[in-house]
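As the structure lists them, so they are numbered: ligands from 1, and atoms in each ligand from 1.
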Amino acid sequence: MKQGYEKYIPFQPVALPDRQWPDKIIEKAPIWCSVDLRDGNQALVNPMNLEEKLAFFQTLVDIGFKEIEVGFPSASETEYEILRTLIDRRLIPDDVTIQVLVQARPHLIHKTFEAIRGAKNVIIHFYNSTSTLQRKVVFHTDMQGVIDIAVEGARLIRQLTEEEAARSGANIRYEYSPESFSGTEIDNAVLICQKVIEELGATPEKKVILNLPNTVEMATPNCYADQVEYFCRHLPGRDCAIVSIHPHNDRGTATAATELGLMAGADRVEGTLFGNGERTGNADIMNVAMNMYSQGVDPKLDFSNLKEIREMYERCTEMKVGERHPYAGELVFTAFSGSHQDAIKKGLDYQREHDSEYWEIPYLPLDPADVGRAYEPIIRINSQSGKGGAAFIMQQNFGYDMPKAMHPEFGAVVKAACDAAGRELQPQEVFDLFQKEYLDVCEPYALKSYKLYEENHVGQDTQVHFEGNLYFQGQGHTVSGVGNGPIDAFFKALQTVGITDYTFQSYHEHAVSQGADSQAISYIQLRTPQGGIVFGVGIDPNISLASIKGIVCAINRAEAQKK
Ligand code: KIV
Ligand code: ZN
């Protein structure tokens with residue numbers, strides 16, 4: 001045998017030079033069929049028990065699936081029992097069709113019909129493998145032998161369906177899969193499906209589902225799309241069929257294969273939540289549906305509580321959804337990079353200020369709220385975060401809206417703390433840094449008491465008087481000053497004890513609610529004697545006192561920086 005990559009045979013694509021699918025756009029949801037309880041379940045280390053399958057089934061119904069493959073009842077007693085429980089406990093809503101899988105073999109088909117008794121809407125899904133490789137190494141038969149198996153299966157299924165429908169009035173439909181469709185010569189795949197739908201008496205009113213499994217993903221997704229388009233264009237009686245696709249993910253491109261397959265003419269998609277399934281799994285229906293959703297197309301499936309869906313999935317399957325799994329992973333709404341954080345903040349500000357109808361936020365293709373996620377975890381703070389990241393956390397989590405000019409100063413404080421800790425900081429830790437840096441500074445100056453009052457004389461501007469006790473150098477000092485406002489009056493008072501070096505630059509204030517109390521927060525910017533800029537923050541129910549506290553804080557910080 002050849003060695004290494006040379007032992008692999010490259011896939012031979014279908015010749016379709018006039019392919020139409022590249023110009024198509026997905027504009028509506030396909031018919032979805034969940035195969036979680038069959039293809040997904042059969043690939044679990046510990047297959048789901050009855051209670052888990054029932055919980056999973058209920059979630060699929062809640063999401064909005066109208067077709068659900070519930071198992072392979074002729075293959076195992078457990079699967080038989082689960083199907084009977086769903087039917088006997090009347091757990092299947094009238095608008096949901098259950099699908100059961102069976103090989104095209106007579107004794108299994110008979111057992112399947114026993115299992116579905118009492119169900120209102122059923123799809124009997126039968127299959128046999130048609131691929132070139134399996135004919136050669138597994139079945140040792142030619143294409144005619146494979147067609148005979150499928151056609152005989154179809155004949156028996158049609159007969160048993162007609163008997164059951166006459167007996168119970170059940171609505172039974174048919175699905176046929178040429179298993180390993182993508183590994184089958186395309187004209188053979190068309191031929192066997194044509195024979196099957198003829199045998200089943202398909203009409204445009206009574207369509208048969210023809211499911212085209214990419215049982216093992218063998219090539220780039222465009223090759224699968226070519227196969228699907230070729231099939232749709234060459235199948236005699238295309239209007240008597242619902243063309244379904246069933247991609248697997250061996251090359252990691254099942255989502256792309258599904259999307260290109262839809263562009264190529266498929267009407268229906270089979271897949272699983274989070275792509276569970278044999279080997280690398282099946283197509284991830286949540287991923288495909290949310291891709292549509294984020295393109296403005298209603299997927300007709302509801303993933304607004306994706307977190308709960310994920311929890312149910314992880315509990316029942318004992319599988320884990322990866323942290324970067326599209327839409328569902330723990331980290332998919334988290335921006336670590338500073339430039340991303342700044343852009344997200346600007347996008348959210350723009351959205352709010354312009355009351356925009358559309359979601360246009362850089363780096364966030366989906367509004368996290370649409371899948372039940374909150375905004376809080378969007379930005380996490382590490383040493384790569386930009387100056388806007390810490391400000392964003394303070395605004396989003398604690399309602400502190402720092403002036404823009406202050407972002408670099410506090411950003412540097414947070415970055416230094418991240419570097420020192422060698423890890424990412426949680427929002428509460430960012431708050432604690434803010435508290436320590438701005439709110440807990442009471443040296444060398446501490447305001448012990450104060451009085452502010454206005455003096456009004458007719459025809460003159462209002463004068464504000466400040467009187468207070470400022471503690472420094474180990475003792476209290478009485479200070480007083482008069483100005484045209486509280487800030488001016490306080491500066492004048494400071495001058496009386498020799499604090500003359502600081503000049504007021506700007507202030508910014510807003511209300512901040514903490515519990516039941518609404519407080520005012522004031523951000524004060526001063527120029528230092530050395531010509532630098534320093535910020536101080538004051539919080540108080542009284543807006544004037546908040547500003548005065550902010551001035552004391554700024555001076556204290558500047559004094560500390562001198563040391
Ligand atoms: O992947 C596959 O080919 C299947 C068939 C049984 C439909 O799951
Ligand atoms: Zn499969």
Side-chain angles (χ1 to χ4, degrees), residues 30-44 47 67-76 79 97-105 108-109 112 123-135 137-139 146 149-150 153-154 157 173-186 188-189 192-193 196-197 208-219 221 224 227-228 231 241-255 257-258 261 266-285 287-288 317 319:
I31 303 165
W32 302 107
C33 175
S34 152
V35 295
D36 288 89
L37 301 176
R38 195 278 301 173
D39 220 347
N41 186 55
Q42 80 186 41
L44 294 178
E67 297 183 1
I68 302 174
E69 190 164 273
V70 290
F72 203 150
S74 60
S76 89
E79 305 245 326
T97 299
I98 50 159
Q99 179 166 310
V100 285
L101 184 72
V102 60
Q103 282 172 2
R105 292 165 62 185
L108 299 177
I109 293 171
T112 303
I123 295 170
I124 305 280
H125 176 190
F126 66 110
Y127 74 98
N128 62 331
S129 184
T130 54
S131 78
T132 324
L133 179 63
Q134 295 229 30
R135 292 194 323 257
V137 306
V138 183
F139 304 117
V146 169
I149 293 170
I157 286 171
R173 293 188 284 136
Y174 310 123
E175 171 171 339
Y176 171 68
S177 291
E179 200 215 295
S180 299
F181 159 80
S182 47
T184 304
E185 305 83 346
I186 191 69
N188 279 338
I192 194 166
C193 287
V196 165
I197 62 173
V208 167
I209 300 166
L210 291 175
N211 186 46
L212 310 179
N214 204 354
T215 303
V216 176
E217 189 174 47
M218 303 165 85
Y224 183 56
Q227 290 173 307
V228 173
F231 182 89
I242 291 171
V243 172
S244 176
I245 50 178
H246 178 116
H248 277 265
N249 195 36
D250 297 80
R251 295 168 51 92
T253 54
T255 297
T258 308
D267 310 300
R268 182 179 186 268
V269 170
E270 289 192 352
T272 57
L273 297 185
F274 311 113
N276 186 34
E278 287 284 2
R279 307 177 306 281
T280 50
N282 288 61
D284 176 355
I285 287 194
N287 191 166
V288 178
T317 61
M319 300 286 290

To check your reading of the model: name the closest protein heavy atom to [atom], its residue, and the distance in Å.
{"atom": "atom 6 (C) of ligand 1", "result": "Arg38 NH2, 3.9 Å"}
{"atom": "atom 3 (O) of ligand 1", "result": "Thr215 OG1, 2.6 Å"}
{"atom": "atom 4 (C) of ligand 1", "result": "His246 NE2, 3.5 Å"}

Determine whether a donor-acceptor pair (N or O, by modelled atom type, separation under 3.5 Å) exists between the side chain of [X] and the backbone of [Y].
{"X": "His248", "Y": "Gly281", "answer": "yes"}
{"X": "Asn249", "Y": "Ala254", "answer": "yes"}
{"X": "Glu179", "Y": "Thr215", "answer": "no"}
{"X": "Thr280", "Y": "Asp250", "answer": "yes"}

Numbered atoms of ligand 1 (with element) below 4.0 Å of Glu179, judged on heavy atoms |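 So the answer, numbered in order with elements, is 3 (O).
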Show which atoms of ligand 1 fall inside a sub-4.0 Å distance from at least one heavy-atom site of His248.
->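 In order of numbering, the contacting atoms are 1 (O).
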Quick one: look at Asp39 and ligand 1, take heavy-atom pairs under 4.0 Å, and tell me if it's side chain, backbone, both or neither.
->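 Just the side chain.
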Looking only at heavy atoms of Glu278, does any of them come nearer than 4.0 Å to an atom of ligand 1?
->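 Glu278: no contact with ligand 1 (<4.0 Å).
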With a 4.0 Å cut-off on heavy atoms, does Glu270 reach ligand 1?
->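 Per 4.0 Å heavy-atom rule, Glu270 does not contact ligand 1.
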With the Zn ion (ligand 2) at the centre, find the angle made by OD2 from Asp39 and NE2 from His248, to 10°.
->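 Seen from the Zn ion (ligand 2), OD2 and NE2 are separated by roughly 100°.
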Pick one: which of Glu67, Arg173, Arg38, Glu270 meets side chain to side chain donor-acceptor pair (under 3.5 Å) with Gln99?
->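 Single side chain to side chain donor-acceptor pair (under 3.5 Å) partner of Gln99 among Glu67, Arg173, Arg38, Glu270: Glu270.
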How far apart are the closest heavy atoms of Leu210 and Ala241, and which atoms are they?
->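 The answer is CD1-CB, 3.8 Å.
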Write down the atom of Ala266, the atom of Ile245, and the distance for their closest heavy-atom approach.
->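 Nearest pair, atom of Ala266 first, then Ile245: CB-CG2, 3.7 Å.
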